[in-house]
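Below, all heavy atoms of this structure are taken into account, side chains as well, without hydrogens, waters or symmetry copies. Sequence lines set the chain letters: A, B, ... in the order given, protein chains first and strands last, and positions in each chain run from 1. Nothing here was measured: the structure is a model prediction, and the numbers come from that model.
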4 protein chains.
Amino acid sequence: MERGVKKTSRAERKARRPHEILEAAFEEFAAKGYAATRVEDIATRLRITKGTVYLYFPTKDVLFQEMFRHAATSSADLSTAIGCLRGSCAERIRDLLLIAYENTANDRKTRELLRLSVAEGARLPEMVDCRHELFIAPTLAALTALVKEGVKSGELRQDTAADTPDVLASSIFQVAAWRLMSADREPIDGKALMESHIDLVMHGLVQPSGRMA
Amino acid sequence: MERGVKKTSRAERKARRPHEILEAAFEEFAAKGYAATRVEDIATRLRITKGTVYLYFPTKDVLFQEMFRHAATSSADLSTAIGCLRGSCAERIRDLLLIAYENTANDRKTRELLRLSVAEGARLPEMVDCRHELFIAPTLAALTALVKEGVKSGELRQDTAADTPDVLASSIFQVAAWRLMSADREPIDGKALMESHIDLVMHGLVQPSGRMA
Amino acid sequence: MERGVKKTSRAERKARRPHEILEAAFEEFAAKGYAATRVEDIATRLRITKGTVYLYFPTKDVLFQEMFRHAATSSADLSTAIGCLRGSCAERIRDLLLIAYENTANDRKTRELLRLSVAEGARLPEMVDCRHELFIAPTLAALTALVKEGVKSGELRQDTAADTPDVLASSIFQVAAWRLMSADREPIDGKALMESHIDLVMHGLVQPSGRMA
Amino acid sequence: MERGVKKTSRAERKARRPHEILEAAFEEFAAKGYAATRVEDIATRLRITKGTVYLYFPTKDVLFQEMFRHAATSSADLSTAIGCLRGSCAERIRDLLLIAYENTANDRKTRELLRLSVAEGARLPEMVDCRHELFIAPTLAALTALVKEGVKSGELRQDTAADTPDVLASSIFQVAAWRLMSADREPIDGKALMESHIDLVMHGLVQPSGRMA
DNA sequence: CATGAATGAGTTTTCATTCAT
DNA sequence: CATGAATGAAAACTCATTCAT
């Protein structure tokens with residue numbers, strides 16, 4: 001009962017509660033969706049009771065929205081990673097796509113946010129916007145900048161694709177969608193698929209000799 | 001009682017009911033998800049009462065599953081289209097991708113089935129398998145065959161991408177995901193994006209001269 | 001299609017309908033009770049539809065009551081049997097009790113009416129009165145007359161029992177109650193029990209020698 | 001907030017709730033039968049709401065079964081009474097039958113359990129078995145033992161009735177059945193009828209002198 | 001007459017939310 | 001702070017009854 005014994009004092013516990021609840025809410029909402037999740041399920045996961053959840057969040061709806069925001073911001077460390085890219089444009093694009101892949105399709109948390117965005121998107125547009133601002137927009141901006149730079153320097157082709165560089169990221173969605181639907185029943189090698197995709201968009205499928213002729 | 005007045009006789013009405021209900025169920029379930037949709041909403045959409053819905057489907061759950069199967073099969077006419085492809089391998093791949101795009105990302109019905117697969121997929125694996133068999137599998141099979149043929153004839157590069165031809169279809173998912181999330185608030189030109197993607201994967205982003213050196 | 005071929009003409013069928021429905025209603029109500037029986041169950045038993053039942057009976061409630069009355073009157077042929085009794089008073093009492101047993105505890109129909117009287121009796125007092133008039137009252141009247149006659153002639157003891165001759169019939173209820181509850185899972189030899197009971201009430205359990213002393 | 005005002009604290013209330021609900025359920029189910037009783041009726045009787053009932057019992061069906069078990073066990077104090085019998089065999093049999101009468105036919109609770117057993121017996125065989133074990137079996141066992149003892153000591157006749165001593169208890173069922181059906185509209189003097197019955201089975205209806213000849 | 005599609009009032013059950021302890 | 005008993009509004013599902021054919 002001395003102070004040193006309890007690693008988590010009451011005060012600490014209290015301070016952590018909202019965070020814990022948001023984490024538990026994430027798990028439950030992601031697994032069952034908004035409507036099918038009961039506030040009590042979330043509480044039970046933390047071995048507390050419904051009432052306690054309502055001490056920190058006024059309604060289920062607010063809890064859901066804060067959970068989403070919390071989950072989204074807590075895993076959004078793309079920008080720092082983007083700043084560290086080095087090498088040729090092609091190399092940096094490649095690395096950027098791999099980073100985006102790791103953060104979007106390969107990270108369970110971000111992937112489940114995508115699921116929620118798709119499932120409840122019509123109900124809560126802010127959710128989608130939130131995801132967009134934090135994940136999509138920075139990645140696209142970086143991609144656009146990189147392609148532009150590469151075209152300017154002559155490293156990359158000046159082509160229709162240069163205008164919509166987001167297509168470069170398409171396979172990320174493919175892997176994410178696959179994982180969300182198959183629920184790990186048929187796992188795919190996402191990284192290998194990403195590498196294939198990058199190789200493909202970099203060098204094309206058609207024989208270059210054909211183009212030379 | 002004159003002939004012209006009542007176009008729909010009792011028998012006709014009855015014959016159409018299951019179909020009507022499945023259509024209405026599709027709209028409601030797609031818009032709000034399984035749990036948040038009330039059977040009464042589906043009924044009201046048809047100006048009938050809950051009871052009538054239960055005359056044709058024993059439970060909400062069965063209604064959902066039959067709705068999914070119905071919606072999936074009613075829009076699956078890919079295989080016939082696939083059989084009509086003509087031209088070089090590259091051309092046929094291009095056309096195939098555009099067809100798949102039209103059927104998956106651009107068709108509201110199929111797109112909403114994707115949403116349901118993502119949203120309720122964990123709950124109902126058969127749904128996902130159903131979608132896979134009807135949409136994904138045939139497309140991938142056709143793509144694989146085309147790439148193999150192209151590589152053999154020398155038209156296409158023998159490369160890593162040839163082993164996982166499904167990456168060719170990745171942008172379809174991207175467009176679909178985008179549309180599902182933005183709910184038409186920020187429409188994108190899917191066809192243009194598809195064209196860009198096809199152009200990209202066909203000819204590559206990197207300057208061919210660079211590869212020659 | 002000739003007249004002779006159809007054994008049951010349409011008219012005959014029609015005339016029999018109410019009777020058939022009442023019989024079917026008896027089976028269903030007896031098996032499940034009033035509230036748990038659906039009008040459709042009754043119709044299905046006759047391979048007709050609900051609507052047809054309502055053609056003959058305005059409500060479920062009326063159907064129930066008429067079913068009860070019909071079932072009760074159709075099996076009430078006690079009085080004729082009572083008139084045929086012959087022999088000494090003791091013999092006639094014995095035979096009367098055996099007849100009453102056959103008609104009340106051993107006859108499925110009458111037994112089920114007892115079940116309904118007990119189950120729904122509070123709801124429908126007329127039912128009970130109906131049963132009483134048709135079964136109980138005549139039997140008791142006959143019993144009373146027989147006991148009175150026997151006492152007068154000196155064949156039977158003048159005792160308290162002579163005042164409430166209905167106790168003579170008590171084991172009928174016992175067998176009936178047993179059968180209603182055990183639902184044939186533990187059949188009992190009702191006739192043997194009745195014989196025992198009759199023997200008992202006739203000659204007593206206590207050693208007569210004890211009384212002589 | 002003074003002590004005297006709130007006799008029932010929250011904890012007390014909660015501890016009593018299951019018991020209260022079972023009692024209320026007994027009243028409602030006994031009065032209207034399983035199917036015709038609404039969970040809300042049970043709640044209203046306690047001035048609480050449906051929801052509260054479901055806090056303690058998961059379904060109406062479970063509530064019914066637990067109610068039955070509760071009511072059956074709460075009124076089963078036969079065995080102690082049976083142990084206190086004194087006097088000659090005939091006296092003890094007499095007293096035993098009167099006790100059984102008090103507990104079965106004359107006790108409203110037990111009588112209503114008989115009604116439920118008859119009414120819903122086909123649906124729930126365990127109910128009947130439960131009643132049998134708690135009421136019928138011990139009484140019959142005691143009766144059998146007493147008759148056997150009496151026959152051995154010569155106090156009682158060795159006769160057919162000695163083999164099926166349950167007929168001794170038959171009038172209990174008669175009184176119970178009568179009360180269940182007449183619903184107190186035509187009250188009978190159960191005790192007098194029991195006394196008559198006991199007298200009858202003890203000494204017989206037929207003149208003993210007749211037997212001596 | 002007979003049908004069975006349709007209705008709508010009712011019943012069981014669930015769950016977000018409140019609040020006394 | 002935390003609890004969990006209680007509520008009440010809602011949702012799934014049922015069924016007696018009606019009525020157009």
Side-chain angles (χ1 to χ4, degrees), chain A residues 10-11 13-14 17 35-44 46-63, chain B residues 1 6 9-15 17 35-43 46-63, chain C residues 10-11 13-14 17 35-44 46-63, chain D residues 1 6 9-15 17 35-43 46-63:
Chain A
R10 223 160 292 182
R13 181 114 240 156
K14 213 189 305 183
R17 268 286 142 81
T37 295
R38 303 179 319 155
V39 173
E40 191 156 23
D41 294 338
I42 297 168
T44 303
L46 295 171
R47 294 176 213 268
I48 60 177
T49 60
K50 282 177 301 191
T52 308
V53 174
Y54 279 93
L55 285 175
Y56 297 92
F57 303 93
T59 66
K60 183 185 175 184
D61 206 87
V62 167
L63 173 56
Chain B
M1 295 297 176
K6 277 216 175 181
S9 76
R10 194 105 170 286
E12 282 176 300
R13 185 107 247 171
K14 197 218 154 160
R17 269 285 137 85
T37 295
R38 301 180 318 152
V39 173
E40 191 156 25
D41 295 337
I42 297 168
L46 296 169
R47 293 176 213 270
I48 60 179
T49 60
K50 293 186 293 246
T52 306
V53 174
Y54 280 97
L55 233 47
Y56 296 89
F57 302 94
T59 65
K60 183 184 173 183
D61 207 86
V62 166
L63 173 56
Chain C
R10 225 161 290 184
R13 183 113 240 159
K14 215 188 303 184
R17 268 285 141 81
T37 295
R38 304 179 317 157
V39 174
E40 190 156 24
D41 295 337
I42 297 168
T44 303
L46 295 171
R47 294 177 213 266
I48 60 176
T49 61
K50 283 177 299 191
T52 307
V53 175
Y54 279 93
L55 238 42
Y56 297 92
F57 302 93
T59 66
K60 183 184 174 183
D61 207 86
V62 166
L63 173 56
Chain D
M1 295 296 176
K6 278 217 173 180
S9 76
R10 194 106 170 286
E12 283 176 299
R13 184 107 248 173
K14 196 216 155 162
R17 269 285 136 83
T37 296
R38 302 179 316 151
V39 174
E40 190 155 26
D41 295 337
I42 297 168
L46 296 170
R47 293 176 213 269
I48 60 179
T49 59
K50 292 183 295 235
T52 305
V53 175
Y54 280 96
L55 234 46
Y56 296 90
F57 301 93
T59 64
K60 182 184 176 183
D61 206 87
V62 166
L63 174 56

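The side chain of Tyr54(A) sits closest to dT18(E) out of dT18(E), dA6(E), dT12(E). Comparing atom distances between the Thr59(A) side chain and each of dA16(F), dT17(E), dA2(E) picks out dT17(E) as nearest. Taking only side-chain atoms of Arg38(D), from C-beta outward, the nucleotide of dA12(F), dT12(E), dA5(F) with the closest atom is dT12(E). When each of dA12(F), dT14(E), dT17(E) is scored by its nearest atom to the side-chain atoms of Lys60(A), the top-ranked nucleotide is dT17(E). For Lys50(A), the listed nucleotide lying nearest its side chain is dT17(E); candidates were dT18(F), dT17(E), dA10(F).
Annotation: of the two residues near DNA chain F, Glu40(C) and Ile48(D), the 5′-most nearest-nucleotide partner is Ile48(D). The residue among Arg47(B) and Asp61(D) whose nearest nucleotide of DNA chain E lies closer to the 5′ end is Arg47(B). Nearest-nucleotide positions on DNA chain F place Gly51(D) closer to the 5' end than the other of Gly51(D) and Pro58(B).
Ala35(A) and Ala36(B) make their closest contact through CB-N, 3.8 Å (heavy atoms, listed as atom of the first residue, atom of the second, distance). Across all their heavy atoms, Val62(A) and Thr59(A) have their closest contact at N-OG1, 3.1 Å.
Taking atom CG of Leu55(B) as the reference point, atom P of dT18(F) lies 17 Å away to the nearest angstrom. At whole-Å resolution of the value, CG in Leu63(D) and C1' in dT11(E) are 15 Å apart. One can place CZ of Phe57(C) at 16 Å from C1' of dA2(E), the figure rounded to the nearest angstrom.
With rounding to the nearest 0.5 Å, the separation of CD1 in Ile48(A) from CG in Leu46(A) is 5.0 Å. Separation of atoms CG (Leu55(A)) and CZ (Arg17(A)) is listed at 9.5 Å; rounding is to 0.5 Å.
Here side chain to side chain donor-acceptor pair (under 3.5 Å) pairs that include residues 46-58 of chain D, with residues two or more places apart or in two chains, number zero.
Considering only side-chain N and O atoms, Thr49(C) lies nowhere under 4.0 angstrom from the phosphate OP1 or OP2 of dA2(E). Remark: Tyr56(A) is in phosphate contact with dA2(F), judged by side-chain N or O atoms under 4.0 Å from OP1 or OP2. For dT7(F), one of the phosphate oxygens OP1 or OP2 lies less than 4.0 angstrom from a side-chain nitrogen or oxygen of Thr52(D).
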Check your understanding: What would the secondary structure line of DNA chain F be in dot-bracket form, counting Watson-Crick and G-U wobble pairs under 3.5 Å, with [ ] for pairs that cross earlier ones and | for pairs with another strand?
Key -> .||||||||||||||||||||
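Considering Val53(B), Val39(B), Ile42(B) in turn, Val39(B) is the only one that fulfils the side-chain contact (heavy atoms from CB on, under 4.5 Å) rule with Lys60(B).
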